[in-house]
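Bear in mind that the values here come from a model prediction, so they are computed numbers and not experimental data. Counting convention: from 1, in listed order, for ligands and their atoms alike.
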Amino acid sequence: MDRRIFLSPPWMSGDELPLVHEAFDSNYIAPCGPMVDRFERAFSARVQIPHAAALASGTAALDLLFHELGVTHGDFVFCSDLTFISSIGPAFHRGAHPVFLDCDEATWTMNPDLLEEALADANRQNRLPKAVVAVDLYGQCCDYDRLERICETYQVPLIVDAAEALGARYGTRSAGDAGMAAVYSFNGNKIITTSGGGMLCSRDRGIVERARKRSQQSREPMSWYEHLEVGYNYRMSNIVAAIGVGQLAHLDEILQKKREIESWYRAGLPEFAFMPEAPYGTSNRWLTVVQFSAENANKEGHPSATVECTRQKLEQENIESRPVWKPMHLQPVFQGCQCYGGSVSERLFTNGLCLPSGVSLTRPDVERVISILHRW
Ligand SMILES: *Cc1c(COP(=O)(O)O)cnc(C)c1O
């Protein structure tokens, strides 16, 4: 059988291991150290957001932002419906009620019209949310200008979940350069990886400094252990930060390759609809996503038979693919939560499949996937 093709496996440039050695040699085998500082500086320079805190995961970064905003029992938090559960998970653990907002057909990101409607309703009912979490889905930025304007009208903080979007652009802005703060992820299959890790970035120095302090148990600057509040153990390890420094230096190469992979798929599968690219920006093409024609509106909460059979067919050939994120409003755990719209994300989930998009894919690898899709 042919070598397995994974969805989006880690890709190492070769610079990472010497940097890990450097971290070992410094003996900062700890959740702090010179590599963490170096990674933060390089990251901040790359995304052009002045303040950055390196953390254990993207989820931890979101949790710290919900802490910062004082999200607590009974609060409402608005969130993109089409996303990975982490976008809302930490707020849910704090006792917040999620309200989900469907995506815009043309971008697959939060529909600003629905946000406007939902905030107007919430304002009338005197229960404005503590935060709006907008997700840069599959590496495509949300419509930052519109979302920011709407959130400002109601004085509700906007958080950008750019976990999948490092390297994408919104006009001249980098993905994540919007709202009060943004989070990024360096999990194993993201655009760059540190095996696991995350970053919190903001133009507001205070937000990042408080998050950094809380990520290290909120210790006060005294020789003994003094605490004015209870923190977390969320800091990034100095060892994995070395991987991040090595990866980040190759981000442009990675972006170029991701785009090339998508163009190979587009050329080979002209009969398919692909995830659209919004006119206001440049997607990082983290994953190539295709849509099969909508055959059956599906009320079961499963991908369509075509999607599932195609996925199995690819799996039989040792190729990994994955359905589009299952919308949050269809998740059993969020049964009964409010959702504005929902039919767009449902349809994208029912008919969508994420194709292998790893940086080390060759054109023949992609041709192999394409030929299976054709045969099938
Ligand atoms: C991966 C991901 C996260 C979580 O990041 P981790 O580093 O895995 O905790 C959050 N939101 C989205 C949209 C993601 O894809």
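- Within the 6.0 Å centre-distance limit, the rings of Phe292 and Phe272 are counted as a close aromatic pair.
- Between Tyr340 and Phe100, the ring centre distance reaches or exceeds 6.0 Å.
- Ionic pairing of Glu148 and Arg173 is present here: one or more N-O contacts between side-chain nitrogen and carboxylate oxygen are shorter than 4.0 angstrom.
- Under the salt bridge (Lys or Arg N to Asp or Glu O under 4.0 Å) rule, Glu229 has a single partner from Arg214, Arg219, Lys213, which is Arg214.
- If you chain together hydrophobic residues whose side chains sit under 4.5 Å apart, Met328 and Val135 fall into the same group.
- Checked against the 6.0 Å centroid criterion, the rings of Phe186 and Phe43 qualify as a close aromatic pair.
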For a distance cut-off of 3.5 Å, show me each N or O of ligand 1 paired with any protein N or O, plus the separation.
from     : atom 1 : to     : atom 2 : distance (Å)
ligand 1 : 5 (O)  : Ser185 : OG     : 3.2
ligand 1 : 7 (O)  : Gly58  : N      : 2.8
ligand 1 : 7 (O)  : Ser185 : OG     : 2.7
ligand 1 : 8 (O)  : Asn187 : ND2    : 2.8
ligand 1 : 9 (O)  : Gly58  : N      : 3.3
ligand 1 : 9 (O)  : Thr59  : N      : 2.9
ligand 1 : 9 (O)  : Thr59  : OG1    : 2.4
ligand 1 : 11 (N) : Asp161 : OD1    : 3.3
ligand 1 : 11 (N) : Asp161 : OD2    : 2.7
ligand 1 : 15 (O) : Glu164 : OE2    : 2.6
ligand 1 : 15 (O) : Lys190 : NZ     : 3.2

